[in-house]
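Take a look at the structure set out below.
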2 protein chains.
Amino acid sequence: MLGRMTTDTPARLLQLLSLLQTPREWPGGELADRLGVSRRTVRRDIDRLRELGYPVEASKGADGGYRLVAGKAMPPLLLDDEEAVAIAVGLRAGAGHAVAGVDEASVRALAKLEQVLPARLRHRVATLQAATTPLTMGDGASIAPETLTVMASAVAGRERLRFVYRAADGSETRRQAEPYRLVSTGRRWYLVAYDLDREDWRTFRVDRVSEPFATGARFAPREMPTGSAAEYLRRSIQRQQETYGFAVAFAGTAAEVAARLPGWLGTPVEEEGGGGGWCVVRGETGDPVEWLAVRLVMAGHEFVVREPAELVACVRELGGRLSRAGGA
Amino acid sequence: MLGRMTTDTPARLLQLLSLLQTPREWPGGELADRLGVSRRTVRRDIDRLRELGYPVEASKGADGGYRLVAGKAMPPLLLDDEEAVAIAVGLRAGAGHAVAGVDEASVRALAKLEQVLPARLRHRVATLQAATTPLTMGDGASIAPETLTVMASAVAGRERLRFVYRAADGSETRRQAEPYRLVSTGRRWYLVAYDLDREDWRTFRVDRVSEPFATGARFAPREMPTGSAAEYLRRSIQRQQETYGFAVAFAGTAAEVAARLPGWLGTPVEEEGGGGGWCVVRGETGDPVEWLAVRLVMAGHEFVVREPAELVACVRELGGRLSRAGGA
DNA sequence: ATAACTAGGACGGGATCTGTCCTAATGCCT
DNA sequence: AGGCATTAGGACAGATCCCGTCCTAGTTAT
C-alpha cells in the first residue's frame, strides 16, 4: 500500500483526456503507468469521463484498448504547442475572407484561443501569419485579425471600445462605443454599436476601424431601437453593403463547368436555344471584381463576361497586363 | 448545511475552466451561483487551476473578477459547436495550401478535432467545406482533407494503411503499407511508408492517393534504412519534388512592389544600372504556374516574366482568355 | 468612508477516492 | 479448441480530500 501519489484527481482526468485524444488505442495498463495509478483507478476514471459525456470506446480482447470517439458534445481540446499555433494561423488566414456564417464563430474561436495562447507561441503565430499573407485585395480593404479579435472580446465581455474611424471621405475621428455585435456579410465586416458621443446606434465598417482597444469599463446592454434586433441589423447593414450581380457565359456543358467552378459562385445553367455548348452562371457577390475575375479564369474554360461593366473592364485590364507580361 | 450537490469536483473544474475561457470577467459570487457551490469553494477551485498551470488573473476591488489569461501551457480549449465547426472548416480550407512548417501540425490538429467532433456537426462542416472550396489548381492535384486526416491518424496510431495509388503514367494499384510519416514541402504532401507488397520503403505523393483507410492492424515501427531518418526523408522527397525557379521584372521601385507582393514569393531587388523604376523578383516554388501567375497579376503592377518558359506560356494563355472574356 | 471584491487560515464532519482483492465476459492468436 | 490478454465491475477498508461555515486582511472604485 504505497498510498496516493501527489497528483490529484482532476489533473489526472485532464491528462487522461489528453492522452485519449491522441488518435490511437491505449491499453489500460499503459495508461495506468503513465498516470501513476493502479489499473482499477484507470477504469474508474474512464467511467467518470463517460459519465461526463465524453464517449470512450473500448476494444476488448488481446491488444484492445481505449480511445475517445465522437460523442454528443465537444470535449475540451487538448492541443500541443504546434497544433495551437497551426489553428491560430489557420483562423487568422481565414478571418478576412471566410464564408458567411462560419466567420463570426471563427473570430470567436480565435479570440478564445488567443486569450490563452502562451506568450512564447505568439511570435511564432505572428511570423507565420506574415509569411502566409494572402493576395491583398484590390481596394486594400483588408482587416487585421487583431482588430476582429479585440472587438469580439469586447462584445462578449460587454466592454466599452475606443477606436479611430475613417469616414468615407478619409477624415478620421476618435470614437467611443458600446459594441453590440460583430457581423459579416460576404467579405465585409460590420460592428454594430451604440456610439457614446453621437448618442445613437451606428454601424461601423471594420476595415475602416483602426487602433481599437477595450477600455475596462463594462456596460449594461441597451435595447435595440426598432423592434427586432435582427431586423435592425439586417437593414442597417444592407444600407451599407455594396453587392453587385454578375452574369458570365462559359464554353462547355453545365456539368463540365460546374465541376471546375467554386460552388458558392453559382450554378451554371444551359442557355435555352443557345448555340451548343454554352452555359451561363449568374450570381451576386460583394467581392472585389479582381477576386471574381481570378476565380473565373481559373476555372479553365473559355468565358465571356456579360455584366457588370466593372467586371468587363477588370477582365480586360488583367488580360492586358498578363498578355504584356508574356511579352506578346 | 445542505450537503454536497450531485456534481463532482472534476466536472466542476472543467465547467469552471469553460466559463473562464469566455472573454470576460467573472466575479466569484456569480461563479459560485453557476457552479452550485459556495464562494469559498470557488476560490479553492481557482487556486487549484493555478496550481495546474492555468493562470487565472484576478482584479481586486469593486467589480473585479476572475479571468483566464495566457500562461505557460495551453489550457484545454472548450469550444461550443459553432466554434468547433469554424475551426474544422478553417483547417480543412488551409490543409491543401498552408505554409511549410505549420501544415503538419495543422493536419494533426484537424485529425484530433475530427476524432471527437459530434456527428451532428460533421455534415455542417462538410456543407460549409463545399461552399468554401478554393480555386482548384490547374493540374487538379488537390488533396481531400479526409485523405490527410485518415493518414495522420494512421501514422499516429501505427495502423496499417490501404489505399489506391495512381502512378505517374496513370495506372492505379492497390497498396498496403505501414505509414511512417506525413510530410509537406511547399505545397506538396508526401507519405513516407514501408510498402508491404514491394517490401521496401516508398514515398508516395498524397495527391495521387485515393480511398485510404486504416485497417485496424497495428505494426511495430521499423528502422529507417539509411542511417538518419531525417536525412532519408529529405533525400527521398527531394527526388520527387518538382520545383522551378522564376524571375519576374516589375515596374516600380522595390519598396512599392514589395508592399503589394505576398512576402513568401521573394524580395524584389532593383536592377543594377537598369532603366529607372524596374525591379526583379526571383524565387523558387513548387506551386502550379497558374497559381503563381495569379499572384503576380494581383500585385497590381505591370510586369514581365523572364523565366521559366512554362510561366510565360501560362501568362499568355490566361491573358488571352481574360481578354477574350472582356470581348476584346 | 463605504461597499464589493479577492485572498487565505482554521476546523470538523462527511463524502470520496484509491488499492487490493474477486469474478465474468470478450476477442485474438497459436 | 485452448490459452492469454484485455475490458468490466462488485466489495471493502482506510486514508484522504473536500466542502461549508466561520474568521481576518488587503485592495479598489464610488
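Given the structure is predicted, the values throughout are model-derived calculations rather than measurements.
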Taking atom types as they are modelled, is there a donor-acceptor pair under 3.5 Å from the base of C/dG8 to the side chain of B/R43?
-> yes

Do B/R39 side-chain and D/dG20 base share a donor-acceptor contact under 3.5 Å?
-> no

Nearest-angstrom distance from the residue atom [atom1] of [X] to [atom2] of [N]:
X	N	atom1	atom2	result
B/L49	C/dA7	CG	C1'	16 Å
A/W26	D/dT7	CH2	C1'	18 Å
B/E30	C/dC5	CD	P	10 Å
B/E25	D/dT28	CD	P	14 Å
A/D33	C/dG19	CG	C1'	15 Å
B/R48	C/dA7	CZ	P	17 Å
B/K60	D/dT30	NZ	C1'	19 Å

Of the listed nucleotides [options], the one nearest the side chain of [X]:
X	options	result
B/Y66	C/dA10, C/dA7, C/dC17	C/dA7
B/P27	C/dC5, C/dT26, C/dG19	C/dC5
A/D47	C/dG8, D/dG9, C/dA7	D/dG9
A/A58	D/dC12, D/dC18, D/dA8	D/dA8

Using side-chain hydrogen bond (donor to acceptor under 3.5 Å, both in side chains) as the criterion, list what pairs up with A/D197, not counting sequence neighbours.
->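 Residues passing side-chain hydrogen bond (donor to acceptor under 3.5 Å, both in side chains) with A/D197: none at all.
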
Which pairs with one or both residues in residues 28-38 of chain A pass salt bridge (Lys or Arg N to Asp or Glu O under 4.0 Å), sequence neighbours excluded?
-> A/R24-A/E30

If you pin A/R50 and A/P10 to their nearest nucleotides in DNA chain D, which one's is more 5'?
->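 Residue closer to the 5' terminus by nearest nucleotide: A/R50.
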
Under 3.5 Å side-chain donor-acceptor pair for B/S59 and B/E25 |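 Short answer, yes.
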
Considering only NZ, NE, NH1 and NH2 on the basic side and carboxylate oxygens on the acidic side, decide whether B/R124 and B/D81 come within less than 4.0 Å.
-> no

Please walk me through it: do B/R166 and B/D207 pass salt bridge (charged side-chain N to carboxylate O under 4.0 Å, His left out)?
-> CA-CA 9 Å; B/R166 192 180 66 253; B/D207 55 302; 5.1 Å; no

Walking DNA chain C from its 5' end, the first of B/G28 and B/R40 to be reached, judged by nearest nucleotide, is B/G28

Does a side-chain N or O from B/R44 land closer than 4.0 Å to OP1 or OP2 of C/dA7, or not?
->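 For C/dA7, neither OP1 nor OP2 has a side-chain N or O of B/R44 closer than 4.0 Å.
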
